[in-house]
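Everything below concerns the one structure shown next.
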Amino acid sequence: MAKEKPGIPKGTRDFDPLEISRREYIFDTIRKVYQLHGFRPIETPAMEMLSTLMGKYGEEGDRLIFRILNSGDFTAKIDDEVWQTKDASKLSPMLSEKALRYDLTVPFARYVVQHQHKITFPFKRYQIQPVWRADRPQKGRYREFFQCDADVIGSDSLVNEAEFIKIIDEVFSALNIRVAIKVNNRKILAGLAEYIGYPDAITDITTAIDKLDKIGLEKVLEELTERGLSSAAIEKLKPVLQVTGTIQEKLDHLDAVLESSSTGSKGLDEMRQLFDIIAVTPVNSAVELDLTLARGLNYYTGAIIEVKSQDVLMGSICGGGRYDDLTGIFGLNDVSGIGISFGADRIYDVMQSLSLFPDSVGTFSQLLAVNFGEKERNYCMPALEILRARGVRCELYPEPAKMKKQMQYADKNNIPFVLMAGDEEMEKGVFSLKNMRSGEQHTLELEQVITMVHAHNGE
RNA sequence: GUGACUGUAGCUCAGCAGGUUAGAGCACCAGAUUGUGGUUCUGGGGGUCGUGGGUUCGAAUCCCAUCAGUCACCCCA
């Protein structure tokens with residue numbers, strides 16, 4: 001048999017040690033902020049029942065769900081007649097009843113319904129796990145990627161919306177990424193749809209105006225025409241999309257437009273309250289009211305949030321919103337939730353292109369002991385035991401190889417210190433410690449070695 | 001699902017109006033240098049030119065198909 005060239009599926013990646021440490025840096029930063037706000041972790045399985053996921057992400061979303069083929073002789077149970085029809089919608093449930101999770105929000109809603117007896121509401125949870133989408137990969141888009149979600153379920157208060165904006169601000173400040181936080185409200189969009197006489201076309205309207213900053217006003221209006229809106233309706237919508245000014249001015253303008261829509265007015269009211277709450281503990285990042293922000297996930301009902309880098313052209317790196325009835329689908333009514341999701345992989349790409357990772361993030365071993373031979377090795381090993389007990393990550397080169405080779409090993413693995421002990425050092429009970437960054441070398445007692453390594457770590 | 005582009009060494013690529021034995025840089029291994037890496041110099045290993053077919057005396061080079069990858073659209077983290 002011919003040798004197979006190994007590979008991994010399209011849109012998936014291997015991570016090397018440096019990438020892992022940088023990814024962990026992102027995860028740790030997000031996790032820490034979540035914990036500081038009182039969120040608690042859960043995990044759910046990589047696969048869910050297909051029926052749990054279907055219909056929650058819109059038509060496009062359903063298409064992008066990775067299905068898992070049933071095991072065993074599943075084709076034997078299928079009727080010849082059904083088989084002959086080749087009807088995918090009928091055959092699909094017979095071929096596949098499980099699927100890889102598409103996001104973390106729907107599995108969370110499922111989790112809440114299933115475990116409601118032991119949950120105290122409001123329930124604040126975070127979850128950092130991979131999700132899978134059968135999308136065609138491109139820049140910043142993968143088929144397997146990590147989401148870092150936090151949700152609050154069982155609380156209507158807009159304090160939650162404000163807290164998530166605060167969390168977003170804290171995470172990106174800690175990572176040194178300048179972002180714009182865009183906020184909108186589905187109720188305002190619904191109000192606009194009512195206002196122009198197409199209350200049922202909200203999805204068409206929002207997906208079109210979502211592209212405003214990308215393709216421009218004219219193209220958006222063209223698309224709306226294609227989607228079946230009358231020119232009168234478009235003329236009504238046009239000035240609303242062109243509203244500029246401060247958040248306050250935008251809201252005041254919308255008051256007049258949406259006064260006949262109770263949903264729209266409620267959305268405006270929510271937005272006002274939200275900005276009032278944010279004002280109590282202001283954030284560093286730019287927060288904008290963006291009427292063109294729509295977001296495709298169709299379970300959102302209130303506030304919607306999206307975050308973009310100010311310095312790198314990339315899709316959104318964090319998004320979220322309020323969903324009033326997600327658990328209702330699974331039989332638990334009148335529980336409102338809100339959540340956000342950080343896209344760790346895109347954040348990684350942004351940080352990489354801006355060189356924002358600190359140097360210390362790539363350091364694993366802090367010290368390598370050179371192996372000169374059996375006698376010297378036995379002198380070093382107890383010292384390494386002590387170093388480890390004192391929190392120093394260190395290792396001994398396993399072979400008494402050439403000095404050059406051992407030094408290269410330290411160099412390539414980004415190990416900042418090399419410990420050496422030969423006859424002279426052993427006789428005096430000391431060690432030579434070389435700083436690989438500066439090239440400096442000192443003869444030291446073990447205690448001084450520990451101090452020096454720790455001092456370097458702290459810089 | 002739609003469209004465009006690209007497949008040559010582990011990586012980045014050159015070669016291509018068809019013509020000896022397919023190249024470079026980086027990386028790797030060894031030596032210069034038997035207790036000092038990251039610099040320098042010398043030498044070495046590594047390729048059925050994505051795959052299959054066609055045109056031709058002759059194909060990495062031209063044509064067709066196929067597979068893979070990248071980017072954009074749709075949609076989204």
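In what follows, chains carry the letters A, B, and so on, assigned in the order in which the sequence lines appear, proteins first and then strands, with residues in each chain numbered from 1. Every heavy atom of this structure was used, including side-chain atoms; hydrogens, water molecules and symmetry mates were not.
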(message) Atom CG of residue position Leu69(A) - does it have more than 12 heavy atoms of other residues, nucleotides or ligands inside 6.0 Å?
(response) yes

(request) Kindly say whether, by distance alone, the side chain of Arg133(A) makes a donor-acceptor pair under 3.5 Å with the base of A77(B)? (result) yes

(message) For the P atoms, the ones on U36(B) and on C26(B), what distance do you get once it is rounded to whole angstrom?
(response) 25 Å

(message) Let me confirm one number: the CD1-CD1 distance from Ile305(A) to Ile181(A), rounded to the nearest 0.5 Å.
(response) 8.0 Å

(request) Whole angstrom is fine here: how far is it from NZ in Lys412(A) over to C1' in G10(B)? (result) 14 Å

(request) Would you jot down, in residue-number order, the residues of residues 35-55 of chain A having a non-hydrogen atom under 4.0 Å from RNA chain B? (result) none

(message) Near RNA chain B, counting only heavy atoms under 4.0 Å, which residues of residues 414-428 of chain A show up?
(response) Met420(A), Gly422(A), Asp423(A), Glu425(A)

(request) To the nearest 0.5 angstrom, please state how far the CD1 atom of Ile42(A) sits from the CD1 atom of Ile128(A). (result) 12.0 Å

(message) In whole Å, measure the gap between the C1' atoms of G7(B) and C16(B) for me.
(response) 14 Å

(message) Measure CG/Asp103(A) against P/C75(B) and give the value in whole Å, please.
(response) 18 Å

(message) Measure CD/Glu306(A) against P/C75(B) and give the value in whole Å, please.
(response) 13 Å

(request) Could you provide the dot-bracket string of RNA chain B, using ( ) for intrastrand pairs, [ ] for crossing pairs and | for bases paired to another strand, with Watson-Crick or G-U pairs below 3.5 Å? (result) (((((((..((((.....[...)))).(((((.......))))).....(((((..]....))))))))))))....

(request) Would you mind telling me which residue lines up with the more 5' stretch of RNA chain B, Tyr409(A) or Ser316(A), judged by nearest nucleotide? (result) Tyr409(A)

(message) Students often get this wrong, so: under 4.0 angstrom with heavy atoms, is Tyr142(A) touching a base, only sugar-phosphate, or nothing?
(response) base

(request) Round to a whole Å and report the spacing from CG of Asn371(A) to P of U34(B). (result) 18 Å

(message) Using the C1' atom as the point on both nucleotides, what is the distance between G54(B) and U21(B), in whole Å?
(response) 27 Å

All N/O contacts under 3.5 Å from nucleotides 30-33 of chain B to the protein, with atom names and distances to one decimal?
| from | atom 1 | to | atom 2 | distance (Å) |
| --- | --- | --- | --- | --- |
| G31(B) | OP1 | Lys402(A) | NZ | 2.6 |
| G31(B) | OP2 | Lys402(A) | NZ | 3.2 |

(request) Might you point out which heavy atoms bring Leu291(A) and Ile209(A) nearest each other, and give the distance in Å? (result) O-CD1, 3.8 Å

(request) Look at the side chain of Asp411(A) and decide which nucleotide, out of G37(B), G35(B), C75(B), has an atom nearest to it. (result) G37(B)

(message) For the residue pair Arg133(A) and Tyr102(A), would you count it as a cation-pi contact if the rule is NZ or CZ under 6.0 angstrom from the ring centre and within 45 degrees of the ring axis?
(response) yes

(message) Output the rounded distance in Å from CD (Gln406(A)) to P (U34(B)).
(response) 14 Å

(message) If the cut-off is 4.0 Å, is Lys211(A) near the phosphate of C76(B), judged by side-chain N/O to OP1 or OP2?
(response) no

(request) Inspect the contact between Glu385(A) and Arg390(A) and indicate whether a charged nitrogen and a carboxylate oxygen are less than 4.0 angstrom apart. (result) no

Mind listing the side-chain donor-acceptor pairs of residues 336-347 of chain A below 3.5 Å, one per line with the distance, residues two or more places apart or on another chain?
| from | atom 1 | to | atom 2 | distance (Å) |
| --- | --- | --- | --- | --- |
| Ser336(A) | OG | Arg322(A) | NH1 | 2.7 |
| Ser336(A) | OG | Asp324(A) | OD1 | 2.7 |
| Ser341(A) | OG | Asp149(A) | OD1 | 2.6 |
| Asp345(A) | OD1 | Phe146(A) | N | 2.7 |
| Asp345(A) | OD2 | Arg13(A) | NH1 | 3.2 |
| Asp345(A) | OD2 | Arg13(A) | NH2 | 2.6 |
| Asp345(A) | OD2 | Arg23(A) | NH1 | 2.9 |
| Arg346(A) | NE | Gly140(A) | O | 2.6 |
| Arg346(A) | NH1 | Ser316(A) | O | 3.1 |
| Arg346(A) | NH2 | Gly140(A) | O | 3.3 |

(message) Is the distance between the ring centroids of Phe145(A) and Phe15(A) under 6.0 Å?
(response) no

(request) Taking Gln448(A) for its side chain and Glu445(A) for its backbone only, find out whether a donor-acceptor pair lies under 3.5 Å. (result) yes

(request) Using whole Å, report how far CD of Glu60(A) lies from C1' of A77(B). (result) 15 Å

(message) Centroid distance below 5.5 Å plus an interplanar angle below 30 degrees: do Phe145(A) and A77(B) meet both conditions?
(response) yes

(request) Please name all residues satisfying ring-ring contact (aromatic ring centres under 6.0 Å, His included) with Tyr348(A), sequence neighbours left out, ordered by chain then number. (result) Phe357(A)

(request) Using ring-ring contact (aromatic ring centres under 6.0 Å, His included) as the criterion, list what pairs up with Tyr198(A), not counting sequence neighbours. (result) none

(request) Would you check if the distance from the ring center of Tyr126(A) to the ring center of Tyr34(A) is below 6.0 Å? (result) yes

(message) Need one value for Ser341(A): base, sugar-phosphate or nothing, where a base atom within 4.0 Å counts as base even if backbone is also close, heavy atoms only.
(response) nothing

(message) With a 3.5 Å distance limit and no angle check, can you tell me whether Lys428(A) reaches the backbone of Glu424(A) through a side-chain donor-acceptor pair?
(response) no

(message) In whole Å, measure the gap between the C1' atoms of G31(B) and G50(B) for me.
(response) 37 Å

(request) Using the P atom on both, measure G44(B) against G25(B) and round to a whole Å. (result) 13 Å

(request) Look at all strands and tell whether Asp345(A) reaches a base, only sugar-phosphate, or nothing, counting heavy atoms closer than 4.0 Å. (result) nothing

(request) Using atom CH2 of Trp132(A) as one end and atom C1' of A77(B) as the other, report the distance to the nearest whole Å. (result) 14 Å

(request) Please state the P separation for the pair C13(B) and A30(B) - nearest whole angstrom. (result) 29 Å

(request) For Pro9(A), check side-chain contact (heavy atoms from CB on, under 4.5 Å) against everything at least two apart and list the hits. (result) Thr12(A)

(message) Testing Lys56(A), Arg101(A), Glu48(A), Met49(A) one by one against Arg110(A) for a side chain to side chain contact (heavy atoms under 4.5 Å, CB included), which residue passes?
(response) Glu48(A)

Between the protein and nucleotides 69-71 of chain B, list every N/O to N/O distance that falls short of 3.5 Å.
| from | atom 1 | to | atom 2 | distance (Å) |
| --- | --- | --- | --- | --- |
| C71(B) | OP2 | Lys139(A) | N | 3.4 |

Less than 3.5 Å apart, which donor and acceptor atoms pair up between the side chains of residues 408-420 of chain A and the rest of the protein, not counting sequence neighbours?
| from | atom 1 | to | atom 2 | distance (Å) |
| --- | --- | --- | --- | --- |
| Tyr409(A) | OH | Glu395(A) | OE1 | 2.9 |
| Asn413(A) | ND2 | Tyr409(A) | O | 3.0 |

(request) Rounded to whole angstrom, note down the C1' distance from A68(B) over to A32(B). (result) 44 Å

(message) Taking G58(B) as the reference, what is the distance to A4(B) when you measure between their P atoms (whole Å, please)?
(response) 34 Å

(message) Taking salt bridge (charged side-chain N to carboxylate O under 4.0 Å, His left out) as the definition, give me every residue that meets it alongside Glu376(A), ordered by chain and number, with sequence neighbours left out.
(response) none

(request) Check salt bridge (charged side-chain N to carboxylate O under 4.0 Å, His left out) between Arg178(A) and all other residues, then give those that pass, not counting sequence neighbours. (result) Asp311(A)

(request) Calculate the interatomic distance between Asp210(A) atom CG and A77(B) atom P; express it in whole Å. (result) 11 Å

